[in-house]
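A short write-up of the structure that comes next.
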Protein chains: 4
Amino acid sequence: MLSKSERTKKMILEKATELFIQKGYSAVTMKDVCEATGLSRGGLYRHFRSTGEMIISLIRAEQQNADNEFKEALAEGKSALQILDLFIDTHNRFLLSPKSALELAANQFALLDEKGKQINAERAWTTVKRTSHLVRLGQEEGVFIDGDPDSIAWHIVLFLGGLRTKTALDGAEPAFIYSQTNWIRDFLLKPNFK
Amino acid sequence: MLSKSERTKKMILEKATELFIQKGYSAVTMKDVCEATGLSRGGLYRHFRSTGEMIISLIRAEQQNADNEFKEALAEGKSALQILDLFIDTHNRFLLSPKSALELAANQFALLDEKGKQINAERAWTTVKRTSHLVRLGQEEGVFIDGDPDSIAWHIVLFLGGLRTKTALDGAEPAFIYSQTNWIRDFLLKPNFK
Amino acid sequence: MLSKSERTKKMILEKATELFIQKGYSAVTMKDVCEATGLSRGGLYRHFRSTGEMIISLIRAEQQNADNEFKEALAEGKSALQILDLFIDTHNRFLLSPKSALELAANQFALLDEKGKQINAERAWTTVKRTSHLVRLGQEEGVFIDGDPDSIAWHIVLFLGGLRTKTALDGAEPAFIYSQTNWIRDFLLKPNFK
Amino acid sequence: MLSKSERTKKMILEKATELFIQKGYSAVTMKDVCEATGLSRGGLYRHFRSTGEMIISLIRAEQQNADNEFKEALAEGKSALQILDLFIDTHNRFLLSPKSALELAANQFALLDEKGKQINAERAWTTVKRTSHLVRLGQEEGVFIDGDPDSIAWHIVLFLGGLRTKTALDGAEPAFIYSQTNWIRDFLLKPNFK
DNA sequence: CATGAATGAGAGTTCATTCAT
DNA sequence: GATGAATGAACTCTCATTCAT
């Protein structure tokens, strides 16, 4: 069972997530979180010293999640192509869900805060490493194109970053998202496997 | 010759550019611009009502520039491949220059301001149209891959957006930038033209 | 004629003086000064960024005053003994006036604030220099005791500091003050001049 | 042997002394003391309801000490001059030790807190009484100057107060301290005993 | 007796924006 | 047209202190 402090922390993060989705990162003030959680100023500060600390928690948790899913897929002995399709599917669903608005908050945080920059770099790097692992796997299976796995992974990550930002800002039609994420398949697969 | 008012406006934009490069968009206040330009509060407000108006001016001017360059290249009868290489080269140089930090300001503006969202969408759309035009040209010449030109253009624009954001945030080695922008060539050219 | 800004500044200092006398330094907040002057938060901050800046202004002005009085007395060709008696008289009157409560504020400032420490040291040093000058004068006239003028001056200044603090804290009867300041005469004068 | 409660109290006072020396009185919060002692909020409050109560304990103990030393010296049958030299020596050593910084805390307490004012007056009064006793002794022995013992004692106490404050604020060279405290001897002794 | 989560008041500070001169 | 004094709304952050467990 979670301690009282941990339960409060969890509750704060849930409310903060809603706020970040609604208003982005920078527009959410500590006062907003106080009101949303029903905590007093001092009570909130005991758990988080800034909205920055909250979003860091959220981003780290998300990374943790993605890493776990990838490890599970590997453990289940899935093929690179299966994992890729899973990966694309997860992305599509994320982009179409309201949670995609969190991307906007994460971007703001990276742009506004020195620590945010760091976290963002860390997040990118974790994602690249995971993707690079997948690319190597596919190359070993002879299904993915040749080339430096890191460079290929960065290409995909940068493209997805751009797509996520665009979606968060302007919204995007499902058809647009499907066709765009499909380029990743196109790009990665050797011609005879497309 | 420029009127006095136009010269003041130009001077304000130059100083504001420096500030945006140094501090990003959101950290620049009207007070900062007053101090940098030596104008009084009231004096500045006569020309721009907010830092948002300043950055809009800057973004529009940049778009105008890119459009002109493209039109010139077309007028000079350059081939799609030549224009593509020019385009990639311009990008590389932008990414390696201090001006790439302006991308960060433009992103912040898009993320923080309702009007900024609009301008950003407008900017993306202009860029996509231009790129799409180029893609069609290359397809007609039989050098570029087949597929919906708009979709292909969006893919490139989204990827470049991601790359620009990453560069502005973390910085990037020249080698990294060259290898990444080179994927565009790889992606666009038919196998036998690579 | 004073500029508008200078008039406002003067008015703020007058109101702040009243507040410092009533409540000491640390208990006076920027909000208090806003209310006392009728200025808005921002309006006050344009002139003084903290109550510390206000008290520094007051202390510096007081020093300026004392220096001017001393120079005048010298210019008028007064004897060391005459100046000493003037000096003691001025002190007695200060200690018996409500203004003596400002000493408390100045002490608090010195004790609470790093800058205040500095200003206090500066104030002590100025006073010592002035007193030392007087001592040398009296020694040249053959009326004051022998000894290092700086050391003698420090002795007087330290004693007066103690007396001022005590008066500000506990209050003091006129008779007590007269008898105490009179020790300075006793201490300085050669036996045959007492 | 001390009860558990008394041992905790003693430990708190030791840690608080360190804090007061480091930061003065006003900057030390109950939170600081919690952290320094390792006690919880509630635990600390059981022993002391405020930092004021702590410093009162410390000041009272110090007074007790000085009184005991004086009584011992009397009981040992020391002469007034011997006691004076002891007294000056003790002072010099105090002023040169890190403990002199506690004076600053005591001053802050006197200046900031109504109760502190009282304690300070009480402390001054105790010191004056003790000093006055010594003066009378020296006068009876025919070694000290004539005059009202209380007035003489106050003079010394006020001077030492000034010196202690100056030392705590600016620091002071040993030579300066020795020469200054030596004035007390000079002031008290009849010319033929100097 | 002890713990530590929570309260709530209030100080400080900054800025976009207005408007009398 | 320009100046710069002034407004007022918001937000951050910190503690002393209480009280359920």
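Here the structure is a predicted model, which means the values were calculated and not measured. Convention: sequence-line order gives letters A, B, ...; per-chain numbering from 1.
Atom CG of D:Asp32 and atom P of F:dT14 are 12 Å apart (whole Å). For the pair B:Leu44 CG and E:dC15 C1', the interatomic distance rounds to 13 Å; values are reported in whole Å. D:Met30 has its CE atom 14 Å from the P atom of E:dT3, to the nearest Å. Rounding to whole angstrom units, CD1 of residue C:Ile12 and P of F:dA5 are separated by 11 Å. Atom CD of A:Glu6 is separated from atom P of E:dA6 by 12 Å (rounded to the nearest Å). Atoms CG (C:Leu19) and C1' (E:dA11) sit 15 Å apart, rounded to a whole Å. Distance A:Leu112 CG to F:dC11 P: 16 Å, rounded to the nearest Å. To the nearest angstrom, P of E:dT13 lies 15 Å from CZ of C:Phe48.
The distance from the CG atom of A:Leu169 to the CD atom of A:Glu103 is 10.0 Å, given to the nearest 0.5 Å. Interatomic distance, B:Ser40 OG to B:Arg46 CZ, rounded to the nearest 0.5 Å: 9.5 Å. Taken from CD in A:Gln108 to CG in B:Asn107, the straight-line distance is 11.0 Å, to the nearest 0.5 Å. Atom CD of D:Glu53 and atom NZ of D:Lys115 lie 9.0 Å apart (nearest 0.5 Å).
Taking the side-chain contact (heavy atoms from CB on, under 4.5 Å) definition, one finds that C:Ser100 meets it with C:Phe94, sequence neighbours left out.
In the displayed structure, B:Lys15 atom NZ is contacted under 6.0 Å by at most 12 heavy atoms of other residues, nucleotides or ligands.
When each of D:Ile55, D:Asn120, D:Leu58, D:Leu104 is tested with D:Phe109 by the rule side-chain contact (heavy atoms from CB on, under 4.5 Å), just one qualifies, namely D:Ile55.
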Dot-bracket, DNA chain F: Watson-Crick or G-U, under 3.5 angstrom, [ ] crossing, | other strand? .||||||||||||||||||||

Under 3.5 Å, which protein N or O atoms sit close to an N or O of nucleotides 18-21 of chain E? Give each pair with its distance.
{"residue": "E:dT18", "atom": "OP2", "partner": "B:Arg49", "partner atom": "NH2", "Å": "3.1"}

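Between C:Thr8 and A:Thr29, the residue whose closest nucleotide on DNA chain F is further toward the 5' end is C:Thr8.
Across F:dC11, E:dA2, E:dG4, the shortest atom-to-atom separation from the side chain of A:Lys31 is found for F:dC11. Here E:dA5 is the nucleotide among E:dA5, E:dC1, F:dT3 with the atom lying nearest to any side-chain atom of A:Ser5. When the nucleotides F:dG8, E:dA6, E:dT3 are ranked by their closest atom to the side chain of A:Leu39, E:dA6 comes out on top.
Within the 4.0 Å cut-off from OP1 or OP2 of F:dG1, not a single side-chain nitrogen or oxygen of B:His47 is found. Proximity of C:Ser50 to the phosphate of E:dG12: no side-chain N or O atom is located under 4.0 Å from OP1 or OP2.
Remark: A:Arg7 does not engage A:Glu14 in a salt bridge, criterion side-chain N to carboxylate O under 4.0 Å. The pair B:Arg41-B:Glu35 fails the salt-bridge criterion, with no side-chain N (NZ, NE, NH1 or NH2) lying under 4.0 Å from an Asp/Glu carboxylate O.
The closest donor-acceptor contact from the side chain of C:Asp170 to the backbone of C:Thr167 lies at 3.5 Å or more, if one exists at all.
Within the nucleic acid shown, B:Arg46 comes within 4.0 Å of sugar-phosphate atoms alone, with no base atom in reach, counting heavy atoms only.
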